[in-house]
Amino acid sequence: MNCKKSKIRIRMNALPRKFYVNDTKQVAKDLLGKKLVRKIGGRILSGVIVETEAYKGRNDPASHAARKKTERNKIMFGEAGHAYVYFTYGMHYCFNVVAKKESDKSGAVLIRAIQPQQGIQLMIKNRKTDVIANLTNGPGKLAQAMQITLKQYNLDLTSSKSLFILDGKKPTKIIAKPRVGIKEGTDKLWNFSINNHL
DNA sequence: TCGCAGATTGCCT
DNA sequence: GGCAATCTGCGAA
């Protein structure tokens, strides 16, 4: 890759495939502070990622990919950098990014929360609430605000123009906690967040 | 302010 | 048939 000095940067580039080909926990931490961007019909929605969770495959009972490859979770076994969207509790979508080392068979990072930056008005409309702090502080809320559905299933985040992630400021402090909403594997501190000093 | 239960659909056993 | 990587509203204190 020759990254010569580009005077005019018309569009910032999305994070490269290489970023996602790494240990799932590491990518989960690296994603904090990065900027999630969604383009819908010329409008831009964006926010800084402030909370993530790592889900591996084998040896992680809480992961969808813990047992075996199925129609739904096959994306977690696929190429890193793709979007894994799933529908749960009969009414919510959750947005994940496939991230794993070459040697790993499966793994993904759940994006749990972002801090809204652009397109807040549209998010308010999508979420039907005007409480900013409540727009994207959960996986289901985030997907609703960003209009992420099964249409984004298996989307390649490194080449898509409607959904991608940009580089951002590296957080100074990362907090590790047990993952939320699961029954098994709660001993692992694979929930990562940064203090968004609100 | 906190805690609990209902909503609601598709996937897995 | 049972339950899920959740959110919201309502009731009690």
Side-chain angles (χ1 to χ4, degrees), chain A residues 20 23-32 34 36 38 45 47 49-78 80-100 104-116 120 122-155 157 163 165 174-194 198:
Chain A
Y20 302 102
D23 180 74
T24 307
K25 291 201 300 290
Q26 188 59 48
V27 176
K29 285 190 262 192
D30 288 345
L31 276 172
L32 294 172
K34 299 287 188 284
L36 179 65
R38 174 95 168 100
L45 299 172
I49 298 171
V50 294
E51 187 181 353
T52 62
E53 269 174 20
Y55 285 90
K56 303 198 115 179
R58 226 156 32 100
N59 305 328
D60 183 3
S63 172
H64 285 169
R67 290 181 172 272
K68 61 177 183 181
K69 194 168 162 182
T70 65
E71 265 308 299
R72 179 173 70 153
N73 68 24
K74 64 181 180 185
I75 304 301
M76 289 181 73
F77 294 81
H82 284 243
Y84 171 45
V85 183
Y86 65 86
F87 185 70
T88 191
Y89 292 109
M91 47 174 62
H92 294 293
Y93 293 101
C94 291
F95 171 58
N96 302 244
V97 183
V98 178
K100 59 195 172 72
D104 289 340
K105 293 187 75 171
S106 60
V109 176
L110 170 69
I111 311 296
R112 285 193 63 86
I114 64 174
Q115 202 170 21
I120 293 180
L122 186 51
M123 291 188 196
I124 288 172
K125 193 179 153 201
N126 290 338
R127 292 273 299 116
K128 296 181 171 65
T129 175
D130 57 359
V131 182
I132 304 297
N134 240 357
L135 286 178
T136 55
N137 61 336
K141 301 181 192 177
L142 178 155
Q144 192 181 13
M146 300 287 267
Q147 288 182 227
I148 293 173
T149 69
L150 287 180
K151 283 182 183 172
Q152 276 66 240
Y153 184 77
N154 198 26
L155 200 68
L157 299 178
L163 182 62
I165 300 174
I174 294 176
I175 303 163
K177 291 186 294 192
R179 289 174 292 179
V180 178
I182 55 172
K183 286 182 178 173
E184 298 178 280
T186 49
D187 54 321
K188 298 182 174 61
L189 302 180
W190 289 357
N191 171 291
F192 305 106
S193 57
I194 54 181
L198 287 175

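Proteins come first, then strands; the chains are lettered A, B, ... in the order of their sequence lines, and each starts at number 1.
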Please list, chain by chain and in numerical order, all residues satisfying salt bridge (Lys or Arg N to Asp or Glu O under 4.0 Å) with [X], sequence neighbours excluded.
X        : answer
A:Arg38  : none
A:Lys188 : none
A:Lys100 : none

For A:Val27 and A:Ala99, which heavy atoms make the closest approach, and how far apart are they?
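So the two residues come closest at CG1-CB, 3.6 Å.
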Any idea which heavy atoms bring A:Ala83 and A:Ile75 closest together, and the distance?
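So the two residues come closest at O-CG2, 3.7 Å.
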How would you list, by chain and number, every residue that makes a side chain to side chain donor-acceptor pair (under 3.5 Å) with A:Glu184, sequence neighbours excluded?
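Here no residue qualifies.
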Those residues that, when tested against A:Asp60, pass side chain to side chain donor-acceptor pair (under 3.5 Å) (two or more places apart):
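Residues passing side chain to side chain donor-acceptor pair (under 3.5 Å) with A:Asp60: A:Arg179.
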Selection residues 64-73 of chain A - residue pairs positive for salt bridge (Lys or Arg N to Asp or Glu O under 4.0 Å), sequence neighbours left out:
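Only A:Glu71-A:Lys74 qualify under salt bridge (Lys or Arg N to Asp or Glu O under 4.0 Å).
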Runs of at least three consecutive pairs that involve DNA chain B, where pairs are Watson-Crick or G-U with distances under 3.5 Å
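The stems that DNA chain B takes part in, listed by first number, are B:1-7 with C:6-12, B:9-12 with C:1-4.
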Whole-Å P distance, B:dG3 and C:dA5:
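About 23 Å, rounded to a whole number of Å.
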For a quick check of understanding: with a heavy-atom distance under 4.0 Å over all strands, which category does A:Arg179 fall into, base, sugar-phosphate or nothing?
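Nothing, no nucleic acid heavy atom in range.
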Classify the nucleic acid contact of A:Ile182 as base, sugar-phosphate or nothing, counting any heavy atom under 4.0 Å across all strands shown.
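The residue A:Ile182 makes sugar-phosphate contact but no base contact.
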Could you tell me the boundaries of the chain A footprint on DNA chain B, defined by atoms under 4.0 Å from its heavy atoms?
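Both ends considered, the range comes out as B:dA7 to B:dT13.
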Listing, residues 123-131 of chain A side-chain donor-acceptor contacts under 3.5 Å, not counting sequence neighbours, or none:
unit_1   : atom_1 : unit_2   : atom_2 : d
A:Asn126 : ND2    : A:Leu122 : O      : 3.4
A:Asn126 : ND2    : A:Ala145 : O      : 2.9
A:Asn126 : ND2    : A:Gln147 : OE1    : 3.1
A:Arg127 : NE     : A:Leu135 : O      : 2.9
A:Arg127 : NH1    : A:Gln144 : OE1    : 2.9
A:Arg127 : NH2    : A:Asn134 : O      : 3.0
A:Thr129 : OG1    : A:Val131 : N      : 3.2

First and last nucleotide of DNA chain C in contact with chain A, 5' to 3', at under 4.0 Å to a heavy atom: what are they?
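That gives a stretch of C:dA4 to C:dT8.
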Go nucleotide by nucleotide along DNA chain C from the 5' end; which of A:Phe95 and A:Lys141 gets its closest nucleotide reached first?
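Upstream on the strand: A:Phe95.
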Want to settle it: does A:Asn73 or A:Met91 sit nearer the 5' end of DNA chain B, counting the closest nucleotide to each?
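The residue whose closest nucleotide sits nearer the 5' end is A:Met91.
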For A:Tyr84, check ring pair (Phe, Tyr, Trp, His ring centres under 6.0 Å) against everything at least two apart and list the hits.
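Checked A:Tyr84 against ring pair (Phe, Tyr, Trp, His ring centres under 6.0 Å); matches are A:Tyr86.
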Among residues at least two apart in sequence or on other chains, which ones pass ring pair (Phe, Tyr, Trp, His ring centres under 6.0 Å) with A:Phe77?
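Partners of A:Phe77 by the ring pair (Phe, Tyr, Trp, His ring centres under 6.0 Å) criterion come out as none, since no residue qualifies.
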